[in-house]
Structure formats: structure tokens, C-alpha cells
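Below: one structure, written as C-alpha cells.
Note that the numbering runs from 1 along the sequence shown for the chain. Scope of the values below: all heavy atoms of this structure, side chains included, with no hydrogens, waters or symmetry mates.
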Amino acid sequence: MTAQSAVVPMLSGAEQRTAARQLTLAMLALGLLALGLVWRGWSQEQGGVSQLLLGSASLLVAVPVMRSAWYSLRYPSLHGITDQLIALAMLGAWATGDLLTAALLPIIMIFGHVLEERSVIGSQEAIHALGQLTRSLGRKVLADGTIVEVDNGTLRPGDVVEVRAGDRVPADGRVLSGQASLDTAPITGESVPLEAVVGTEVFGGAINLDGLLRLEVTRTGNESTLGKVIALMQNAERSKPPITRLLERYAGSYLVLVLLLAAVTWFVTNDSQAMLAVLVAACPCALVLSAPATAIAGIAVAARHGILIRSSAFLEELADLTSLVVDKTGTLTYGALRLQSIKSAHDDHAPLLALAASLGSASSHPVSRALAGLVEQENCLPLSDIRERQGLGVVAMTGQGEAALGRPELFTQLGIETPAVPNHDGPIAGLALDGKFLAWLLLADSVKPEARIAMAELRELGLGRQLLLTGDRQSVANTLAQDIGLGDVQAQALPEDKLKRVMAEIDHGFRPMVVGDGINDSLALKAGVVGVAMGAGGADIALASADIVLIGSDLRRLGTCVRLSRQCRRTLQVNVIIGLGWTLAIVAFAAFGWLGAAGAMIAALLHNLSTLLVLGNAGRLLRFQEPLLKIRDE
């Protein structure tokens with residue numbers, strides 16, 4: 001076993017050459033070994049020639065084994081224990097004159113190492129496939145209107161690109177014109193196509209199923225959503241789960257214990273094969289691989305579901321959460337004003353919507369912007385003499401007379417009589433034409449359709465204590481909490497208030513999951529046991545503070561996170577049992593001499609079998625699949 005065993009990501013060119021060199025040496029040594037055994041059987045009186053062949057075979061494979069052992073002495077690691085034990089077993093075989101064991105033992109371990117690497121690489125195929133999406137061609141629209149194909153790596157924010165049906169979106173962007181259905185499954189895990197219209201934020205790597213789009217590039221390279229996916233996953237691969245850090249803490253003591261046990265075995269049995277078998281059997285490869293193999297599989301599955309996990313440690317933390325602290329705006333709601341209802345004496349609302357959208361497009365106020373999107377731009381009415389009343393609304397001339405859109409105070413100034421202002425938690429805009437009041441337009445931030453389902457799922461998973469923590473007004477927060485089934489509410493909370501409340505949850509013995517998307521959530525996200533940020537539209541500081549990012553921002557993926565974490569923990573527990581139990585059993589058999597005359601070689605074969613069992617069990621996680629069903633947006 002070599003020091004390169006600890007490498008989790010795909011093999012680099014240098015690592016591939018090293019593995020190929022070791023495999024070549026092992027195959028040459030195996031040929032010499034076979035020739036030596038044939039010579040021994042054919043001509044027993046010329047035993048010296050057979051010993052020479054066996055000694056040459058052992059020297060061929062001794063070079064990589066001894067080099068790895070020396071490297072592990074300089075840079076201690078868990079895998080280094082295996083390298084050192086195999087090197088000691090080789091030296092012991094040479095010292096006792098057992099050249100057959102000295103040659104065959106490292107050959108078996110090198111072949112096992114190659115199989116182990118191939119198994120780990122196989123579990124990373126989902127991650128590697130995501131990486132392939134980062135490189136593609138884009139159709140860049142130049143200033144004079146001509147279109148040229150360029151590598152998407154050359155695109156910069158502000159560039160305009162055209163995406164035809166069947167093309168892959170080359171970078172994150174905002175739709176400037178056109179309409180199309182986008183397959184975002186590789187990035188968000190969402191099986192239902194995204195309907196992209198003007199203003200929609202789209203992810204690089206999505207596939208245009210139909211229609212023609214023109215996009216303004218907003219993020220490229222490592223700053224893009226897909227680039228962050230890959231960067232976060234690479235960071236997670238390099239991180240060490242708690243169980244790995246625990247094993248590393250006692251690595252030195254474990255090596256001393258194994259050497260003492262081997263010495264006692266030799267002293268009691270006077271059997272060098274039993275002593276060598278103990279050294280080989282004690283190699284902790286299966287135990288060492290149990291945590292990283294599980295983490296790699298879990299991270300790959302999470303990415304396939306549109307969940308980015310910064311560190312494999314959070315796969316374990318998620319399994320033990322007991323409470324939820326969730327933000328409102330942009331998390332449980334869309335974070336944008338939408339028209340909820342119209343209070344009017346007129347049954348036909350189409351003309352009202354067209355007039356409101358026309359006036360709204362003449363102002364930059366958030367309420368006006370929300371109303372401006374009610375109809376297509378080409379259906380807006382022509383306006384003249386546009387006058388924006390600061391803080392009140394907008395007035396303009398139309399073909400039917402003077403029109404007004406704004407707060408109730410605007411109509412008082414204009415001398416227009418209005419009905420009573422409706423009772424509504426949210427912005428209210430009035431609409432008038434030619435001196436006659438037409439309607440009240442009631443706007444609000446709409447609740448995400450999956451919010452109630454997601455909160456119920458988390459309660460079933462044991463997160464029964466759920467707190468809505470928002471900076472919004474108390475009345476708005478209470479209405480939302482009642483709508484989606486949250487029992488505890490803290491409104492008008494500043495960033496420091498959110499931090500204090502999360503810390504209070506922890507001080508009272510709860511383990512909170514904190515979910516948010518804004519700058520004001522960043523402190524709370526960092527303080528929670530697990531912080532989850534909304535990827536679509538979330539503030540960069542919130543994404544940086546979170547432990548987990550939901551790319552598609554579908555709240556039902558919170559339940560997926562918890563279920564996947566618990567599945568990973570069960571898999572890890574089984575792997576630890578396999579690794580520890582199998583190792584102890586082989587060591588016991590070796591110490592008592594029950595592995596026979598070829599004890600060291602049998603121990604090596606059993607050791608590799610346990611490693612493959614651990615990797616195979618971790619690979620079962622890749623079958624985890626939770627597709628999201630379409631929810632009708634009411």
C-alpha cells in the first residue's frame with residue numbers, strides 16, 4: 001500500500017504514471033516469482049537459482065514499498081501506518097530467509113491498491129461529469145450584431161450570448177429576450193424544466209430544450225454557480241471527517257501496539273509466518289477508507305440533487321439536528337413583490353392590468369417594478385407627460401385622459417375620491433383614470449408553494465422545534481407562520497438579534513439548522529450547527545457563510561439533506577464495523593497461527609477483501625435518489 005492511497009480526487013498525470021510504474025514492477029515481479037517457483041519444482045537440487053529469482057522479484061517491488069514507508073515517516077498519516085507495516089513485514093521476511101513471502105506480499109498489496117483506486121474513482125464519476133459541463137462553446141453577440149462562437153472560458157460579465165434550442169447555456173446569466181424551457185437537472189437536480197422568460201436568472205450548464213434566448217452574462221468561471229459547485233466539492237473531498245481525525249490522533253499508539261503484538265506472537269509461537277501475518281493483518285486500510293469513501297459517495301449524491309456540501313463533516317452533523325431557525329424573505333418567500341388581488345367594481349381586470357403595468361414601467365419604485373411585469377412590454381399603453389411624485393406614485397397622460405398609480409395620499413392630492421383602503425399586510429397601490437378611481441392593487445411577497453410541505457417533512461424527521469426569525473413586521477411574520485405551520489416567531493430582528501437567538505438555541509441544548517439567504521442572515525448561518533443558504537438569488541456573503549448551499553432553492557431539499565445524512569451515517573457505521581471487526585478478526589487468527597504456513601499472504605488477501613467490501617458498501621449510496629414532484633404555484 002502506498003502513500004498515494006490517501007488521494008481522494010481523480011488521479012493527476014504524475015499519480016497515474018506512479019501507479020502504472022508500480023503495477024509494471026508488480027507484474028514483472030510476479031513473472032519472476034512464478035519462474036522461481038517453477039524452477040524450484042523442476043530442479044530441487046538447484047535451489048540457489050530459485051532463491052535468486054525470488055530475491056530479484058522481492059527487490060523489484062521493494063523499491064516502491066520502501067519509498068512509501070520512508071515518505072510516511074517524514075509525513076505521518078493513517079495510510080502511512082499501512083506502508084510502514086508492509087515494509088516491516090518485508091524486512092522480517094528477508095531476515096527469516098522467506099523470499100517467497102517477501103516478494104508475494106507487496107505484490108498482493110500493490111494489486112489491491114490499484115483495485116482500491118479504481119473503486120474510489122468509480123464513486124467520483126458523478127462529480128467528474130459535473131466538471132465536464134464547465135467547458136463549452138458560446139455564441140457571443142458582438143456590438144455590431146454579428147455572432148461568433150467562442151470558448152465559454154473567454155466570456156466576461158456583461159457579454160451578450162445567444163442560446164439556441166439544444167445548446168448548453170455557456171455561463172450564468174439573465175435573460176434579455178426570448179422564452180424557452182431549460183433542463184437544469186445537472187445543476188439543481190430538478191427534473192421539471194425551468195421556464196425561462198425575460199429577467200429570469202439561468203445557470204451555466206443548463207440545456208435549452210426549445211426556443212431562442214439572448215442572455216447577459218453575470219458570472220463566469222469559478223464565480224459561476226457550476227464553478228462554485230465544483231470548488232465546494234473539491235474542498236469537501238479534501239476535508240477530514242471527525243472519525244478520520246480521531247483515528248489520526250491515535251495512529252502512533254496503534255503502530256506501537258501492533259509491533260508489541262507481533263513481537264509477543266513471535267516470542268510465544270516462534271513462528272515467523274505468524275509474526276508477519278500479524279503485521280499484515282493489522283494494516284488499517286479498510287478502517288481508514290470507511291469515512292472518506294462514504295463522504296465521497298455522499299457528496300456526489302448531494303451534488304446530483306442540487307445540494308452543495310462544503311465539508312463532509314456536515315454529513316454527520318445533519319443527522320443529529322433537533323431544531324430549525326428559518327428566515328422569511330427569499331427563503332420561505334420569493335423575496336419579490338407580486339400582485340395578490342385586485343379590489344375593483346369592474347369585472348374585467350385586463351384593462352386595469354395593462355394600465356397599471358404601463359404606469360409601473362415609468363417608475364423605478366419596487367411596487368412599480370412589480371406591476372410593470374404584469375403584461376408584455378408590447379401590450380403597454382403609450383404614455384406622455386410622465387410625472388413621478390416622489391414617495392407617492394406616478395401620473396401620466398393616456399389616450400383616455402390622465403392616469404395615476406400610487407399611494408392613497410396621491411389621490412387625495414389629485415382630488416380623486418376613493419373607497420376605503422383595504423386591510424392588507426403589504427404594499428397597496430391605487431389606480432385611477434380620467435379622474436375616476438378604478439381599483440386597489442394589493443401586493444405582497446408570495447410564499448413558496450413547497451414551504452408548507454418542507455416544514456412538515458422536517459417535523460417528521462425530528463426537527464419539531466421550528467422558529468421563524470425575520471426582520472419583517474410582526475403582523476406579516478405571524479400570518480406567514482400560521483400559513484405554513486410554524487409555532488414560534490421573532491419579527492423585526494436585526495442581524496445581531498438573529499445571532500443571539502441562534503446562540504440561545506444552542507445554549508439550551510438544541511442543535512439548530514439555520515436557513516437563510518441574505519446579508520442579514522450571514523452571522524446566524526455561521527453560528528448554527530449547520531447553516532443552509534439559498535443558492536438562487538442568495539447574497540454572496542450568505543453563500544460564503546453557509547455550510548450547505550441549495551442551488552435550486554427548493555425547500556424540500558432540506559429534508560433530502562437530513563435523509564441523505566442519516567443514510568451516510570448508517571453506511572459509515574457499517575463500514576467502521578467492517579473495517580474494525582475484520583481487522584481484529586484477522587489479527588486474532590494470525591496471532592494464534594490459524595492462517596497456516598502462508599499466513600502473511602492469506603492475511604494480505606483478506607485485508608484487500610475487507611477494503612473492497614468497504615468501498616462497495618459506500619458505493620451503494622450512489623443509488624440514493626429523491627426526485628422532486630412538480631407543485632402548482634398558486
> Are Leu321 and Leu458 close enough, and set up right, to give a side-chain contact (heavy atoms from CB on, under 4.5 Å), and what steps lead you there?
Replying inline: CA-CA 10 Å; Leu321 297 174; Leu458 291 175; over 6 Å; no
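By the 4.5 Å heavy-atom criterion applied to side chains, Val163 and Arg139 are not counted as neighbours. Side-chain contact between Val326 and Val514 is absent, with no heavy atoms from C-beta onward closer than 4.5 Å. A heavy-atom distance below 4.5 Å is not found between the side chains of Val476 and Leu480. In this structure, the side chains of Val141 and Arg214 come closer than 4.5 Å at one or more pairs of heavy atoms.
By the 4.0 Å N-to-carboxylate-O rule, Glu162 lies too far from Lys140 to be salt-bridged with it. Looking at Lys526 and Asp547, no side-chain N of the basic residue comes within less than 4.0 Å of a carboxylate O on the acidic one, giving no salt bridge. A salt bridge links Asp488 and Arg501; the closest N-O separation between the charged side-chain nitrogens and carboxylate oxygens is under 4.0 Å. Using a 4.0 Å cut-off between a side-chain N of Lys or Arg and a carboxylate O of Asp or Glu, Lys448 and Asp554 do not qualify as a salt bridge. Residues Arg164 and Asp167 are paired through a salt bridge, judged by an N-O separation under 4.0 Å between the basic side chain and the carboxylate. With respect to Glu457 and Arg556, no salt bridge is recorded, no charged nitrogen being found less than 4.0 Å from a carboxylate O.
Between Gln567 and Arg570, the side chains place a donor N or O and an acceptor N or O closer than 3.5 Å (distance only, hydrogens not considered). No donor-acceptor contact under 3.5 angstrom links the side chains of Asp172 and Thr218, judged on distance only. Remark: the Gln482 side chain and the Asn478 side chain contain no N/O donor-acceptor pair separated by less than 3.5 Å.
From Lys343, atom NZ reaches atom CG of Leu431 across 16.0 Å, with rounding to the nearest 0.5 Å.
Side-chain atoms of Ser368 do not come within 3.5 Å of backbone N or O of Ser363 as any donor-acceptor pair. Remark: the backbone N or O of Gly204 is not paired with any side-chain donor or acceptor of Arg219 at under 3.5 angstrom. Not one N or O on the side chain of His349 forms a donor-acceptor pair closer than 3.5 Å with the backbone of Ile342. Between the side chain of His305 and the backbone N or O of Arg557, no donor-acceptor pair lies under 3.5 Å. Although no hydrogens or angles enter the test, the distance criterion places no donor-acceptor pair under 3.5 Å between the side chain of Asn617 and the main chain of Arg620.
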